[in-house]
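Numbers here simply count residues along the sequence, with the first being 1.
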Amino acid sequence: QVQLVESGGGLVQAGGSLRLSCAASGGTFSSFSMCWFRQAPGEERDFVATINRSGSTYYADSVKGRFTISRDNAKTTVYLSMNSLKPEDTAVYYCAARNGGWRTTLDYDYWGQGTQVTVSS
């Protein structure tokens with residue numbers, strides 16, 4: 001059974017930075033496409049960034065140039081480095097994994113429990 005555990009969330013001022021981590025256990029991490037989603041209160045869960053098993057990445061327009069997704073297969077961990085944070089980035093951030101190619105929809109096989117990111121103005 002694959003388990004995903006996010007960490008690194010917190011409270012930060014606008015313009016600041018955070019790095020989220022998602023540690024995976026079980027399964028074959030190197031074969032997974034990994035993704036970050038986020039969900040603000042009362043909103044749908046939205047795509048943020050994804051990385052496939054080859055290391056290719058894709059970002060939502062709202063975070064392009066500010067966020068970077070990366071993975072360390074040896075540590076079975078995916079990261080989301082977030083810079084120039086804005087109040088509208090406030091949300092619960094979820095890590096997800098799927099076998100096969102990436103998706104920007106919610107079509108992922110495994111999900112973490114989420115980590116809260118709050119950006120104050």
Taking ring-ring contact (aromatic ring centres under 6.0 Å, His included) as the cut-off, I'd like each qualifying pair that reaches into residues 63-101, sequence neighbours left out, listed once. none

Pairs satisfying ring-ring contact (aromatic ring centres under 6.0 Å, His included), at least one member in residues 1-36, at least two apart: Phe32-Tyr110

Gln3: which residues meet the side-chain hydrogen bond (donor to acceptor under 3.5 Å, both in side chains) condition with it, sequence neighbours left out? none

Can you run down the disulfide bond (SG atoms under 2.5 Å apart) pairs that involve residues 81-121, sequence neighbours left out, and say none if there aren't any? Cys22-Cys95

Mind checking who shares a hydrophobic cluster with Leu11, ILVMFWY linked at side-chain heavy-atom distances under 4.5 Å? none

I want to check something: taking the side chain as every heavy atom from C-beta on, are Phe47 and Cys35 in contact at a cut-off of under 4.5 Å? yes

Between atom CZ of Phe37 and atom OG1 of Thr104, what is the distance when rounded to the nearest 0.5 Å? 7.0 Å

Heavy-atom donor-acceptor pair, Thr50 side chain to Met34 backbone, under 3.5 Å: yes

Give the minimum heavy-atom separation between Ala49 and Leu80, together with the two atoms involved. CB-CD1, 4.2 Å

Taking only distance into account, with no hydrogens and no angle test, what donor-acceptor pairs under 3.5 Å do side-chain atoms of residues 114-121 form with protein atoms, sequence neighbours excluded?
{"unit_1": "Thr115", "atom_1": "OG1", "unit_2": "Gly9", "atom_2": "N", "d": "3.3"}
{"unit_1": "Gln116", "atom_1": "NE2", "unit_2": "Ala91", "atom_2": "O", "d": "3.4"}
{"unit_1": "Gln116", "atom_1": "NE2", "unit_2": "Thr118", "atom_2": "OG1", "d": "3.3"}

Non-hydrogen side-chain atoms of Met82 and Leu20 separated by less than 4.5 Å: yes

Same cluster for Ile69 and Leu85 if Ile/Leu/Val/Met/Phe/Trp/Tyr side chains link at under 4.5 Å? yes

Got a donor-acceptor contact below 3.5 angstrom from the Tyr58 side chain to the Asn52 backbone? no

Which pairs with one or both residues in residues 66-77 pass side-chain hydrogen bond (donor to acceptor under 3.5 Å, both in side chains), sequence neighbours excluded? Arg66-Asp89, Arg71-Asn73

Name all pairs fulfilling the side-chain hydrogen bond (donor to acceptor under 3.5 Å, both in side chains) condition that reach into residues 9-35, sequence neighbours left out, sorted by first residue then second. Ser17-Asn83

Within residues 44-58 or reaching into it, pairs that qualify as salt bridge (Lys or Arg N to Asp or Glu O under 4.0 Å) - sequence neighbours excluded: none

Any salt bridge (Lys or Arg N to Asp or Glu O under 4.0 Å) pairs touching residues 108-121, not counting sequence neighbours? none

Might you point out which heavy atoms bring Val63 and Val48 nearest each other, and give the distance in Å? CG2-O, 3.5 Å

N/O donor-acceptor pair under 3.5 Å between Glu6 side chain and Gln113 backbone: yes

For Thr105, the side-chain contact (heavy atoms from CB on, under 4.5 Å) test, sequence neighbours excluded, returns Arg103, Asp107

Taking only residues at least two apart or on different chains, which pairs with a member in residues 55-89 satisfy disulfide bond (SG atoms under 2.5 Å apart)? none

